[in-house]
Amino acid sequence: MRLRNGKVLTVLCLGAFISVSWFASRLKLKDDVDEVTQYQQELLEFDNRLHKTEKDILIYSQKLKLLLDEVKHKNAIRIKPIINDTSIKLSNFSGAVKTKTLNPMEKLRVQLPNIFYYLPHLITNKDSLQPKTLIGQGRTGVSMVMGIPTVKRESHTYLLDTLNSLIYELSPAEKRDCVIVILIAEVEETYVNELAEKLKDTYPKEIQSGLLEIISPSANFYPDLSKLKGTFGDSQTRVKWRTKQNLDYSFLMMYAQAKGNFYLQLEDDIIASPNYLQTILNFAQHQSSDEWMILEFSQLGFIGKLFKTPDLTLIIEFIIMFYKDKPIDWLLDHILWVKVCNPEKDAKHCDRQKANLRIRYRPSLFQHVGTHSSLAGKIQNLKDKDFKKELLHKGHSNPTAELTSSLKIYLHHSLEKAYKGEDFLWAFNPVAGDFIKFRFFQPLKIERYRFRSGDAEHPGDKLFNTTVEVLPADRTDLTKKSRHHNSTKYSKYHQTDDGYYRIDIFRNGIAEGEVDGLIGKIEAIRLFIVTDSPLWVLLNEIFIEATA
């Protein structure tokens, strides 16, 4: 009986254990199912995110392809004139090279050096290589591109005098076959905008015609210049100045390269000799060999240096490689040394070899006139001894006229001598109401005129706030024409109380233009000074072209 009861107890315990185990296993299985379900949901969410990422990548890939196609197209346009100029033909290359050329997107197995290696900050700024300011007509296909960098100076600026000299010495044909690019190498927007507006107001015709272009770099173009390594014992200020200057030259060259056949580097504080552009082109075109790299038309610094535009690629790359190390004139000399000098030969041999690449023209065509350097606090009295000093006045055969003036003349510099081209007019400080008048002995049809004040030695002695006025011979006829044309033709001409019509105003010391033929014959021309001037006045050119 006792044994039987023990067996029953054993069976009951075993049954209870099995029941508990079964129940526990069911609970565990339920937990496992819940966990699997959770994993499935997470996998589904991950799969959805993956599909979305794939779609985004596809969209970005399409945008990148369009961008690369646009870059290739623009590069093809820029490179085409250079290829034409240097007679590079794809047929001259081997089949393997052609294949690489025609498949530029083929995966590269080597790292190509480029501007981003030396200026890595440019990668993160998409607009860093685009001009911040761009004013002009985008003229291309010219014989000559002239580059002028200008910066903010502590005292006097010479830019307008420089532009006046360069533009004044160009013939009408030359003005159509060149472009002058001004780089305002500053990032302070207020200063850049003010200077750009001043240039637009002073040279509206030159900008509209395409002769003059104005650009400025983006602030993102420049790297951090506050931690440059000092070299050659220069102060940190000077190292920063010359480093930025190298970058300025590079930016200007990159912009100018595709515009013409030759690039002429100038500064913003120079004057030019008469007929300088034709002289430069003749000298370049009559070189016995095309091996030259630099033609020099001034012995000073980086003034008057001429390059073939295809050569600018090498020069830009070299400058950017060493922009932090040395000033620009030293770098130019190093380029020549690398190209032709033999380290096993002496310095004289090297100089003879470099003379084949760097050819000097005499006399110099440009003179440095500035005394205040772009480096703050530096006085620079540099003069080119090879510059041929020209007369301080320019004479013309003007029609006979009665000459009168209210100006107080200095010494023998009279209006009569200036009108005949024998001398310049020089007078003490003019005041409001002063005038210079040319009254013809018989009414004449005036075609055009030019009055130029100030000169290289007295750049401040200019006519400021002075108008050019004409006195029509038949004012009744002019009134009829005005009514016939609904006054729109003559609304811009202000009529004075004594019958003169104001047709022009002096801009930076110069007034020139054509006289509207509908005005008819003219009895007199008058230069009328509107406000007092703190400076003297020097009138070095009087030109009146007339027909009877």
Notebook entry, point to check: Please walk me through it: do Ser209 and Gln137 pass side-chain hydrogen bond (donor to acceptor under 3.5 Å, both in side chains)?
Noted result: CA-CA 7 Å; Ser209 68; Gln137 305 303 316; over 6 Å; no
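- Taking the six-membered ring for Trp and the full ring otherwise, His458 and Trp426 have centroids separated by under 6.0 Å.
- In plain terms, the two heavy atoms of Ile542 and His396 that are nearest each other are O-CD2, 3.7 Å.
- Crowding of Lys324 atom NZ: a count of heavy atoms from other residues, nucleotides or ligands under 6.0 Å not exceeding 12.
- Of the charged side-chain nitrogens involved, none lies within less than 4.0 Å of a carboxylate oxygen, so that Arg139 and Glu213 do not count as a salt-bridged pair.
- Looking at Ile294 and Ile359, their side chains never come closer than 4.5 Å, going by heavy atoms from C-beta outward.
- Of the inter-residue distances, the one linking Asn540 atom CG with His413 atom NE2 reads 12.0 Å to the nearest 0.5 angstrom.
- Listed for the Asn246 side chain is a donor-acceptor partner under 3.5 Å among the backbone atoms of Lys326.
- Using a 4.5 Å cut-off on side-chain heavy atoms (C-beta onward), Trp337 and Cys350 make contact.
- Around CD of Glu422, the count of heavy atoms belonging to other residues, nucleotides or ligands within 6.0 Å exceeds 12.
- Taking the ring centroids of Phe543 and Tyr449, they lie at or beyond the 6.0 Å cut-off.
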Next item on the list: List the steps, then state whether side-chain contact (heavy atoms from CB on, under 4.5 Å) holds for Ser235 with Arg238.
Entry: CA-CA 5 Å; Ser235 66; Arg238 186 178 181 87; 3.5 Å; yes
Next item on the list: Could you walk me through whether Val181 and Leu212 pass side-chain contact (heavy atoms from CB on, under 4.5 Å), step by step?
Entry: CA-CA 6 Å; Val181 181; Leu212 197 62; over 6 Å; no
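- When the shell of 6.0 Å around NZ of Lys420 is examined, it contains 12 or fewer heavy atoms from other residues, nucleotides or ligands.
- Below 30°, between 30° and 60°, or above 60°: for Phe318 and Phe322 the angle between ring planes is between 30° and 60°, a tilted geometry.
- Judged purely by atom type and a 3.5 angstrom limit, Asp504 has no side-chain atom pairing as donor or acceptor with the backbone of Ala511.
- You'll find the ring centres of Phe464 and Phe506 outside the 6.0 Å limit.
- Two residues are said to be in side-chain contact when any heavy atoms from C-beta on lie closer than 4.5 Å; Ile214 and Ile207 meet this criterion.
- At distances below 3.5 Å, at least one donor-acceptor pair connects side-chain atoms of Lys305 with backbone N or O atoms of Ile303.
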Next item on the list: Show the numbers, then the answer: is there a side-chain contact (heavy atoms from CB on, under 4.5 Å) between Ile180 and Leu266?
Entry: CA-CA 10 Å; Ile180 301 172; Leu266 298 171; over 6 Å; no
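- For the pair Lys308 and Trp292, the cation sits on the ring face: its NZ or CZ lies under 6.0 Å from the ring centre, inside 45° of the axis.
- His121 places a side-chain N or O within 3.5 Å of a backbone atom of Phe221 that can act as its donor or acceptor partner.
- Residue-environment remark: CD (Glu291) stays at or below the threshold of 12 foreign heavy atoms within 6.0 Å.
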Note to self: side-chain contact (heavy atoms from CB on, under 4.5 Å), that's the test. Do Ile215 and Thr133 meet it? Break it down for me.
What the structure shows: CA-CA 5 Å; Ile215 63 172; Thr133 302; 5.8 Å; no
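- No side-chain donor-acceptor contact under 3.5 Å links Asp177 to the backbone of Val142.
- Side-chain atoms of Asn164 come within 3.5 Å of backbone atoms of Asn508 as a donor-acceptor pair (strictly under, hydrogens ignored).
- Counting only heavy atoms from C-beta outward, the side chains of Glu169 and Asn275 never approach each other to under 4.5 Å.
- Atom CD of Gln285 is separated from atom CD1 of Ile280 by 11.5 Å, given to the nearest 0.5 angstrom.
- Between the side chain of Lys198 and the backbone N or O of Leu160, no donor-acceptor pair lies under 3.5 Å.
- Asp127 and Ser218 share no side-chain donor-acceptor pair at under 3.5 Å.
- Listed here is the closest heavy atom pair of Ser364 and Ser298: OG-CA, 3.8 Å.
- In this structure, Tyr117 places its OH atom where only 12 or fewer heavy-atom neighbours from other residues, nucleotides or ligands lie under 6.0 Å away.
- The existence of a salt bridge linking Asp201 and Arg507 is excluded, since no basic side-chain nitrogen approaches an acidic carboxylate oxygen closer than 4.0 Å.
- Listed here is the closest heavy atom pair of Asp248 and Leu183: O-CD2, 3.4 Å.
- With no hydrogens or angles considered, a side-chain donor-acceptor pair links Tyr263 and Gln265 at under 3.5 Å.
- The existence of a salt bridge linking Lys229 and Asp325 is excluded, since no basic side-chain nitrogen approaches an acidic carboxylate oxygen closer than 4.0 Å.
- Between Tyr249 and Ile328, the shortest heavy-atom contact is CE1-CG2, 3.6 Å.
- Taken from CG in Asp234 to NZ in Lys240, the straight-line distance is 15.0 Å, to the nearest 0.5 Å.
- Note that the CG atom of Leu312 and the CE atom of Met254 stand 11.0 Å from one another [nearest 0.5 Å].
- Side-chain contact, Glu197 with Asn193: no donor N or O sits under 3.5 Å from an acceptor N or O.
- Here the shortest heavy-atom pairing between Ala196 and Ile184 reads N-CD1, 4.1 Å.
- When every heavy atom of Ala256 is checked against every heavy atom of Val145, the shortest pair comes out as CB-CG1, 3.6 Å.
- Between the side chain of Ser165 and the backbone N or O of Asp161, no donor-acceptor pair lies under 3.5 Å.
- The distance from the NE2 atom of His349 to the CG atom of Asn342 is 6.5 Å, given to the nearest 0.5 Å.
- Counting heavy atoms from C-beta on, the side chains of Phe366 and Ser273 never come closer than 4.5 Å.
- Residues Leu425 and Leu538 form no side-chain contact, since every pair of their non-hydrogen atoms from C-beta on lies 4.5 Å or further apart.
- In this structure, Phe262 has its ring center no closer than 6.0 Å to that of Phe307.
- Between the Ser216 side chain and the Ala185 main chain, no donor and acceptor come within less than 3.5 Å of each other.
- No donor-acceptor contact under 3.5 angstrom links the side chains of Arg242 and Thr237, judged on distance only.
- Salt bridge status for Arg448 with Glu545: present, with a side-chain N to carboxylate O gap under 4.0 Å.
- Taken to the nearest 0.5 Å, the CG atom of Asp351 stands 11.0 Å off from the CZ atom of Arg358.
- The shortest side-chain heavy-atom distance between Tyr276 and Leu166 falls under the 4.5 Å cut-off.
- The environment of Lys132 atom NZ is sparse: at most 12 non-hydrogen atoms of other residues, nucleotides or ligands sit within 6.0 angstrom.
- With Glu186 contributing its side chain and Lys152 its backbone, the two residues share a donor-acceptor pair below 3.5 Å.
- In this structure, Leu357 and Val340 have side chains that are in contact, with non-hydrogen atoms separated by less than 4.5 Å.
- With no hydrogens or angles considered, no side-chain donor-acceptor pair links Asn220 and Ser128 at under 3.5 Å.
- Surrounding CD of Gln236 are more than 12 heavy atoms belonging to other residues, nucleotides or ligands, all under 6.0 Å away.
- By the 4.0 Å N-to-carboxylate-O rule, Asp333 lies close enough to Lys354 to be salt-bridged with it.
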